[in-house]
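Reviewing the structure listed below.
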Amino acid sequence: MGIMEDIPRLSPVMASRKLQVLAFIRRYHEEHGVGPSLSEIAAAVGTNRSRVQDAIRKLEREQRLHRVPGKTRGVTPIGSHEEALRQLQALGYVVNPGRLEIIHPDALPLLDIEEDAAVASEQEARGAIGARH
């Protein structure tokens, strides 16, 4: 059984052809290590290259795949880690991969209590010194 037979056909459960295109790109990339050509995608999902290009543009805008314009086989799926972060951002979470932080949208801002305590102690000490003079 080849990759073409494994691609789900468009059904009422599947929201759109773009999801069908995305499913094919994921499977193809997993199997071959590179992205499929537009012709391969069109043949697999039973449509034309123009509709495939439209679906790819929409998926790129939604940050569900990477596309290198002008490069043959320049379409690759977003990794599962990137997809999870994208979904969290869509739900309102603040995602800071550089600091390995994910902050809930309703979370209060974090305060550095130790730093605040040190500043208060320093101010108290200055106040005590000022009172003596």
Side-chain angles (χ1 to χ4, degrees):
M1 187 182 299
I3 194 167
M4 300 291 211
E5 291 84 23
D6 293 339
I7 300 306
R9 294 293 163 203
L10 196 58
S11 69
V13 174
M14 192 172 286
S16 68
R17 187 157 318 269
K18 77 178 179 185
L19 296 180
Q20 191 179 23
V21 167
L22 182 60
F24 178 76
I25 291 170
R26 283 181 175 152
R27 285 192 182 129
Y28 190 96
H29 189 269
E30 188 176 296
E31 188 171 305
H32 299 282
V34 296
S37 69
L38 292 177
S39 298
E40 289 167 331
I41 299 169
V45 300
T47 190
N48 60 41
R49 289 170 44 109
S50 176
R51 287 191 176 159
V52 168
Q53 286 175 323
D54 289 342
I56 288 173
R57 282 189 204 101
K58 288 176 185 174
L59 289 165
E60 183 182 25
R61 275 194 303 269
E62 294 172 2
Q63 299 178 356
R64 298 183 80 180
L65 57 77
H66 293 290
R67 181 177 71 93
V68 179
K71 181 181 177 193
T72 303
R73 300 182 181 280
V75 177
T76 55
I78 299 277
S80 58
H81 176 75
E82 291 171 298
E83 177 67 14
L85 293 178
R86 185 194 66 76
Q87 288 178 3
L88 286 169
Q89 286 174 323
L91 292 171
Y93 284 80
V94 176
V95 177
N96 185 348
R99 292 185 63 189
L100 300 175
E101 288 181 322
I102 298 175
I103 302 168
H104 191 275
D106 297 331
L108 296 173
L110 297 176
L111 301 175
D112 190 345
I113 302 213
E114 290 179 19
E115 184 178 313
D116 290 346
V119 169
S121 295
E122 187 177 314
Q123 288 174 347
E124 286 176 14
R126 285 185 192 156
I129 292 171
R132 288 185 208 161
H133 292 300

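Below, each value reflects all heavy atoms present in this structure, side chains not excepted, and no hydrogens, waters or symmetry copies.
- Residues Arg86 and Glu62 are not paired through a salt bridge, judged by the lack of any N-O separation under 4.0 Å between the basic side chain and the carboxylate.
- For Arg64 against Leu19, the heavy-atom pair with the smallest separation is NH1-CD2, 3.4 Å.
- Between the side chains of Glu40 and Ser37, at least one donor N or O sits under 3.5 Å from an acceptor N or O.
- Between Thr76 atom OG1 and Tyr28 atom OH the span is 13.5 Å, to the nearest 0.5 Å.
- Arg17 places a side-chain N or O within 3.5 Å of a backbone atom of Val45 that can act as its donor or acceptor partner.
- Looking at His32, its side chain never comes within 3.5 Å of a backbone N or O of Val34 through a donor-acceptor pair.
- Under the 4.5 Å side-chain heavy-atom criterion for ILVMFWY residues, no single connected hydrophobic cluster contains both Ile103 and Leu88.
- Applying the salt bridge (charged side-chain N to carboxylate O under 4.0 Å, His left out) test to pairs two or more places apart or on separate chains, those with a residue in residues 45-55 are Asp54-Arg57.
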Before giving the answer on side-chain contact (heavy atoms from CB on, under 4.5 Å), spell out for Ile102 and Leu85 the whole-Å C-alpha distance, their side-chain angles and the decisive distance to 0.1 Å. CA-CA 9 Å; Ile102 298 175; Leu85 293 178; 4.1 Å; yes

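- The two residues Ile25 and Ile56 come nearest to each other via the heavy atoms CD1-CG1, 4.4 Å.
- Under a hydrophobic-cluster definition in which Ile, Leu, Val, Met, Phe, Trp and Tyr are linked whenever side-chain heavy atoms come within less than 4.5 Å, directly or via other members, Ile78 and Phe24 are assigned to different clusters.
- Residues satisfying the side chain to side chain donor-acceptor pair (under 3.5 Å) criterion with Gln63, sequence neighbours excluded, are absent altogether.
- Note: Ser16 OG to Leu59 CG = 7.5 Å, rounded to the nearest 0.5 Å.
- Closest approach of Pro77 and Arg26 over heavy atoms only: CB-CG, 3.7 Å.
- In this structure, Val95 is a member of the same hydrophobic cluster as Leu91, with clusters built from ILVMFWY side-chain heavy atoms closer than 4.5 Å.
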